[in-house]
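What follows is a single structure, written as structure tokens, with notes after it.
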Amino acid sequence: MGTDLRRRFTGPVHFPGDPAYDTLRRCLNPAVESRPAAVVEAANVADVRAAVTAVREAGVPIAVQATGHGTHDGIDDGILVRTGGMASVLVDPDRRIAKVGPGARWEAVLAAARPFGLAPLSGSSSTVGVTGYTLGGGLGWLGRAYGFAADHVIRAEVVTADGRSVTASADRNPDLFWALRGGGGSFGVVTALEFRLHPVERVFAGAAYFPADRAGDIFGAYRTWAAAQPDAMSSAALLRQMPDTDDVPAPVRGRRVVVVKAMYPGEADVARCLLHPLWSLTGPAVHDDMRSMPYAQAAMGGTAARFFDLFESLPDRAVEALAASDSTVEIRHWGGALGRPGEDSGPVSHRRGQFSVIVDSVEPDLIEALRPDGIGASFLNFLADPRRTATAYTAEDLAGLRAVKAAYDPDEVFRAGHRIAPADRSRRLLA
């Protein structure tokens, strides 16, 4: 791909050997090595369309990166489009709608929505890009109350594989609209996204810490307590080693502990009443930082998923195996609105799961102990291995996604990352 490529774009174009190339080609995951033929810093939709046209002409792949979160494989010889400069955020408080550019991060949406007492269905980290998170389903701490972020998208502007800019909504290209809401970035480059906001200003949130030697009893108590909670209460229980650093509360610094996290979008007194039955079973906490706070300040963190599965129930043998682990393990309560999709919801699959389990390392004995009771499913936001993309969907949804792929990108221009193969496998892949 020659240097004449620069003439096609408004934004900067970087080639190997250029001063900024090595910085811009990297993602946040150091294990992913990417050496594209060019990195384009898109300034507008025309730049995105130009990049798609260029890769079609050259027969090479294209990848899109906003923040670098969720980048799971490299791209060699093609074009990497960085959309960080297209980071506009507009909030319509009367309609409770936000419209964002493809480079927007949740921190900007949180800041724009907060003055109106509104909140997006953001995730565990405010620095994550809005678009990639939402296309992958979008599981946040308000999920049990409102559902997945993908369920609340109302419109997307998309550059398709033939270089057109189209609108995807319930009444315009509805098949593409369905696929985008949970199907990932395999169907085009989203250049604008509109989604609903919710009337959440303050939450009761935080974490309570307990000694690790009580992990089995606490996990068992948590499982029973969580199943009885109203939809508004979201929670997780972890077993982990705390860092020995100054930003960690002194009572748990450097210790292995059980952590119970919770968020309730309502009055603190109500939240404490809901939590009381759990605390009566766990016994006193070593440290408790749960309090009322603005939703925008409730940074709850997450666990890296080397192993992930969903469970309709957690039997004692699974609880015991998790409690005996030397890894960081997380049990998270799903259900609620997450399991009640609307009639027009997208392909966020495996909604019957009531708990998810994440393990942050490969621990074969633990994984084998958990496998008989799990659904055997994954969730796109938590899936690092592109070879397992199909496991994020039910068979019916995967078939629907492959049909949409065949209609909008039969030659697989968009094949980096979580690839959805077109239904017609006889079509030729671009070399």
Side-chain angles (χ1 to χ4, degrees), residues 139 141 143-144 207-231 233-242 252 255-264 273-288 290 300-336 338-339 349-379 382-383 391:
L139 174 66
W141 284 94
R144 279 180 42 81
Y209 302 79
F210 303 87
D213 59 10
R214 287 160 51 194
D217 291 339
I218 294 172
F219 279 173
Y222 170 76
R223 170 193 58 186
T224 302
W225 169 84
Q229 293 308 296
D231 292 354
M233 177 64 79
S234 288
S235 61
L238 300 86
L239 177 62
R240 61 164 299 188
Q241 178 71 33
M242 300 299 294
V252 296
R255 294 180 60 177
R256 187 161 177 80
V257 294
V258 178
V259 187
V260 177
K261 298 180 179 181
M263 179 181 289
Y264 180 78
C273 286
L274 291 170
L275 286 161
H276 177 73
L278 179 59
W279 298 159
S280 68
L281 295 171
T282 61
V286 176
H287 179 75
D288 185 336
M290 291 190 182
M300 301 284 282
T303 302
R306 297 293 297 278
F307 168 85
F308 173 93
D309 204 349
L310 286 163
F311 295 73
E312 293 187 72
S313 63
L314 278 175
D316 288 343
R317 61 185 178 187
V319 168
E320 292 165 2
L322 290 166
S325 173
D326 294 324
S327 303
T328 294
V329 300
E330 175 187 294
I331 303 170
R332 184 162 181 168
H333 190 203
W334 287 48
L338 298 169
S349 298
H350 308 300
R351 294 177 186 254
R352 73 182 190 273
Q354 294 299 305
F355 294 95
S356 64
V357 169
I358 288 175
V359 183
D360 80 335
S361 64
V362 178
E363 196 173 330
D365 290 343
L366 173 60
I367 292 170
E368 282 304 309
L370 295 172
R371 200 177 302 280
D373 300 302
I375 293 174
S378 57
F379 179 62
F382 299 157
L383 182 58
T391 63

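All residue numbers refer to positions in the sequence shown, counting from 1. Only heavy atoms go into these numbers, but all of them, side chains included; no hydrogens, no water, no symmetry mates.
- Among residues at least two apart or in separate chains, salt bridge (Lys or Arg N to Asp or Glu O under 4.0 Å) pairs with a member in residues 304-313 are Glu312-Arg352.
- Of the possible polar contacts, none joining the Ser325 side chain to the Ala321 backbone as a donor-acceptor pair under 3.5 Å is found.
- Phe355 is linked by a ring-ring contact (aromatic ring centres under 6.0 Å, His included) to His333, counting only residues two or more places apart in sequence or in another chain.
- For residues 313-329, the set of pairs meeting the salt bridge (Lys or Arg N to Asp or Glu O under 4.0 Å) definition, not counting sequence neighbours, comprises Arg223-Asp316, Arg317-Asp373.
- In this pair, Phe308 and Trp334 present their aromatic rings tilted. The plane angle is within the 30 to 60° band.
- Nearest heavy atoms, Ser356 versus Leu310: CB-CD2, 3.8 Å.
- Contact record, Ala237 with Phe219: CB-CE2, 3.9 Å, taken as the closest heavy-atom pair.
- Nearest heavy atom pair, residue Leu322 against residue Leu366, reads N-CD1, 4.0 Å.
- For the side-chain hydrogen bond (donor to acceptor under 3.5 Å, both in side chains) test, no residue two or more places apart in sequence or in another chain qualifies with Trp225.
- In this structure, Arg255 has no side-chain hydrogen bond (donor to acceptor under 3.5 Å, both in side chains) partners at least two apart in sequence or on a different chain.
- Distance alone, capped at 3.5 Å, is enough to place a donor-acceptor pair between the Arg144 side chain and the Gln229 backbone.
- Residues that satisfy the side-chain hydrogen bond (donor to acceptor under 3.5 Å, both in side chains) test with Tyr264, not counting sequence neighbours, are absent from this structure.
- For the salt bridge (charged side-chain N to carboxylate O under 4.0 Å, His left out) test, no residue two or more places apart in sequence or in another chain qualifies with Arg332.
- To the nearest 0.5 Å, the span separating CD1 on Ile331 from CZ on Phe311 amounts to 9.0 Å.
- Between atom OG1 of residue Thr328 and atom CZ of residue Arg256 there is a gap of 6.0 Å, rounded to the nearest 0.5 Å.
- Residue pairs satisfying the salt bridge (Lys or Arg N to Asp or Glu O under 4.0 Å) criterion with at least one member in residues 355-368, sequence neighbours excluded, are listed as follows: Glu368-Arg371.
- Partners of Asp213 according to the side-chain contact (heavy atoms from CB on, under 4.5 Å) rule, which considers only residues two or more places apart in sequence or in another chain, are Pro211.
- Nearest heavy atoms, Ser378 versus Leu383: OG-CD2, 3.6 Å.
- The minimum heavy-atom distance linking Val319 with Gly216 is given by the pair CG1-O, 3.9 Å.
- Residues passing the ring-ring contact (aromatic ring centres under 6.0 Å, His included) test with His287 are Tyr209, sequence neighbours excluded.
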One pair to check against ring-ring contact (aromatic ring centres under 6.0 Å, His included): Trp279 and Phe210. What are the steps and the verdict? CA-CA 11 Å; Trp279 298 159; Phe210 303 87; 5.7 Å; yes
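- Applying the side-chain contact (heavy atoms from CB on, under 4.5 Å) rule to Ala262 yields the partners Met233, Ser235, Leu275, Met290; only residues at least two apart in sequence or on another chain are considered.
- Taking each heavy atom of Arg240 and Val259 in turn, the nearest pair found is CG-CG2, 4.0 Å.
- Under the side-chain hydrogen bond (donor to acceptor under 3.5 Å, both in side chains) criterion, Ser234 pairs with no residue, sequence neighbours left out.
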